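Inspection log for the structure reproduced underneath, given as structure tokens.
Given the structure is predicted, the values throughout are model-derived calculations rather than measurements.
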Amino acid sequence: MTVGIGVIGTGMIGTSHIRRITDSLSGARITAVTDADLGVAKQVAEDLPHAEVFDSGQALIGSDRVDAVLVTSWGPTHEEFLLAAIAAGKPVFCEKPLATTAEACRRIIAAEVAAGRRLVQVGFMRRYDAAYRQLKAEIESGELGVPLIYYSAHRNPSVPSSYTREMAIVDTAVHDFDIARWLLGEELVAIRVVPAKPNSLGEGLQDPLLMIVETESGVLVNVETSVNIRYGYDIRGEAVGERGTATLERPARVPADWRERFTPAFDTELQEWIDTIASGAEPTGPSSWDGYAATVVCDAGVQSLDTLDRVPVVLGAKPALYERSAR
């Protein structure tokens, strides 16, 4: 089966995914595109012989030419398109965030639970990175003993002038929150954000930040974001257990940006999603619950950044639909 994929949002990440599906991956083709700027969508479609341009995401989702949906549009539009895809019974891959508010995330979860099966996968690509998968295997082997602390660093060479202090949490550290949940296999229950001495290269941005996050069992997750470090895009991780430590394998040299560091992970992520959809199975990657949990942690982090207090993370009961472990 060749999966017909409709893409909602043909900006940078959308066109990047279109290229990898068209040029690098197997089992799928782009059959539909749309964008808030239809001129951009039409331009992208010129290089896609099988793609039809739709004037709205809703129309694209309803098309018989679309077997599955890829949502790479502006974050506040995600809820609308995910709810429509769930109502249509079509698998949907959504780049983070799942939605921009916890309330919107809960509505998506409620719709999926009502449908009785998983249809949504969220784009937390680090789970598909070979180095992170190896680190998870080392933690789960038990050789380190019980994990006690996890260190996570997320360093960017620079960020645009539009980057705000909150984005260090909701756009940057969100990946660290998700990967910590996945590596440790438990929820995060509280967060405290501590601003460091400001980097003079940040032009007034409150950067770096240190975030001290607690898990259900008491593991401390220390997340550092430093987004004007200049020397490159540097992602680090280390699990400290009772009997040893395991460190995330790093590239031979520091990559220039996130594309260089995580392109193989993006490829694996989408190929595994396509293979799952083609087989008729439910998505096995990051779920709507994972997207919701990350959003709630981010909300608590932003509150802590404002107050400098420890802020609880309150998720509520996890629906049974999401108890099956994600890849």
Mark yes or no for whether Asp257, through its side chain, and Arg259, through its backbone, hold a donor-acceptor pair below 3.5 Å. yes
Supply the atom-to-atom distance Arg165 CZ to Thr225 OG1, rounded to the nearest 0.5 angstrom. 11.5 Å
Hey, are the side chains of His175 and Trp258 touching, using non-hydrogen atoms and a 4.5 Å cut-off? no
So, using ring pair (Phe, Tyr, Trp, His ring centres under 6.0 Å) as the criterion, who are the partners of Tyr150 when residues are at least two apart? none
Can a donor-acceptor pair be found between the side chains of Arg118 and Tyr322 at a distance below 3.5 Å? no
Donor on one side chain, acceptor on other, Glu95 and Thr72, under 3.5 Å: no
Working to the nearest 0.5 angstrom, can you tell me the gap between Ser24 OG and Phe266 CZ? 13.5 Å
Gln206 versus Leu305: any side-chain heavy-atom pair under 4.5 Å? yes
Ignoring hydrogens and angles, tell me if any N or O in the side chain of Asn222 forms a donor-acceptor pair with the backbone of Tyr151 under 3.5 Å. no
Is any side-chain heavy atom of Val313 closer than 4.5 Å to a side-chain heavy atom of Asp299? no
Residues that Glu46 engages under side-chain contact (heavy atoms from CB on, under 4.5 Å), provided they are two or more places apart: none
Side-chain (Arg181) to main-chain (Ala293) donor-acceptor, under 3.5 angstrom: no
Is a side-chain N or O of Thr22 found less than 3.5 angstrom from the main chain of Ile18, in a donor-acceptor match? yes
Which heavy atom of Ile277 sits nearest to which heavy atom of Pro91, and what is that distance? CD1-CB, 3.3 Å
Tell me the closest heavy-atom pair linking Thr295 and Thr101, and the distance in Å. CG2-C, 4.0 Å
Minimum heavy-atom distance Lys90-Ser63, with the two atoms named: NZ-O, 2.7 Å
Take Leu38 and Val53 through the side chain to side chain contact (heavy atoms under 4.5 Å, CB included) test and state the conclusion after the steps. CA-CA 8 Å; Leu38 280 181; Val53 179; 4.2 Å; yes
Using the rule that Ile, Leu, Val, Met, Phe, Trp and Tyr join whenever any side-chain heavy atoms are under 4.5 Å apart, tell me whether Ile169 and Leu315 fall into a single cluster. yes
Within this structure, what is the OG-CD distance for the pair Ser26 and Gln271, rounded to the nearest 0.5 Å? 4.0 Å
Taking all non-hydrogen atoms of both residues into account, name the closest pair between Asp207 and Val227 and its distance. OD1-N, 3.0 Å
Drop me the distance from His154's NE2 to Ile179's CD1, to the nearest 0.5 angstrom. 12.0 Å
Do Ile212 and Val170 sit in one hydrophobic cluster, given that two such residues count as connected whenever their side-chain heavy atoms are within less than 4.5 Å of each other, even indirectly? no
Set out, in order, the CA-CA distance, both residues' side-chain angles and the distance that settles side chain to side chain contact (heavy atoms under 4.5 Å, CB included) for Arg261 and Arg126, then state yes or no. CA-CA 10 Å; Arg261 173 63 180 82; Arg126 290 192 187 187; over 6 Å; no
With distance as the sole criterion, is a donor-acceptor pair present between the side chains of Glu187 and Trp289 under 3.5 Å? yes
Check: Arg243 and Glu143 side chains under 4.5 Å, non-hydrogen atoms: no
Under a 3.5 Å distance rule, please check whether Gln134 uses its side chain to pair with a backbone N or O of Ala130 as donor and acceptor. no
For Leu82, which fellow cluster members are found when Ile, Leu, Val, Met, Phe, Trp and Tyr are connected by side-chain heavy-atom distances below 4.5 angstrom, either directly or through intermediates? Ile8, Phe54, Leu60, Ile61, Val66, Val69, Val71, Phe81, Leu83, Ile86, Val92, Leu98, Ile108, Leu119, Val120, Val122, Phe124, Val174
If you measure from the Lys or Arg side-chain nitrogens to the Asp or Glu carboxylate oxygens, is any gap between Arg155 and Glu224 under 4.0 Å? yes
Work out which heavy atom in Cys94 is nearest to a heavy atom in His78; give both atom names and the distance. SG-ND1, 3.3 Å
Rounded to the nearest 0.5 Å, the CZ atom of Arg127 sits from the OH atom of Tyr132 at a distance of 12.0 Å
So Glu203 and Asn228, do their side chains get closer than 4.5 Å, heavy atoms only? no
Answer whether the closest heavy-atom distance between the side chains of Thr245 and Leu144 falls below 4.5 Å. no
Please lay out, stage by stage, how Val33 and Leu48 fare under the test side chain to side chain contact (heavy atoms under 4.5 Å, CB included). CA-CA 10 Å; Val33 294; Leu48 301 170; 4.2 Å; yes
Using side-chain heavy atoms (C-beta onward) and a distance below 4.5 Å, is Leu321 in contact with Glu112? yes
Rounded to the nearest 0.5 angstrom, the OG-CD distance for Ser217 and Glu186 is 3.5 Å
Within the side chain of Asp309, is there an N or O that forms a donor-acceptor pair under 3.5 Å with the backbone of Val311? no
Looking at Arg230 and Leu201, what are the two nearest heavy atoms and their distance? NH2-O, 3.3 Å
Strictly below 4.0 Å, N to O, side chains only: are Lys136 and Glu140 in salt-bridge contact? yes
Under 3.5 Å, is there a donor-acceptor pair linking the side chains of Tyr292 and Ser287? no
Tyr163 side chain vs Ala168 backbone, donor-acceptor pair below 3.5 Å: yes
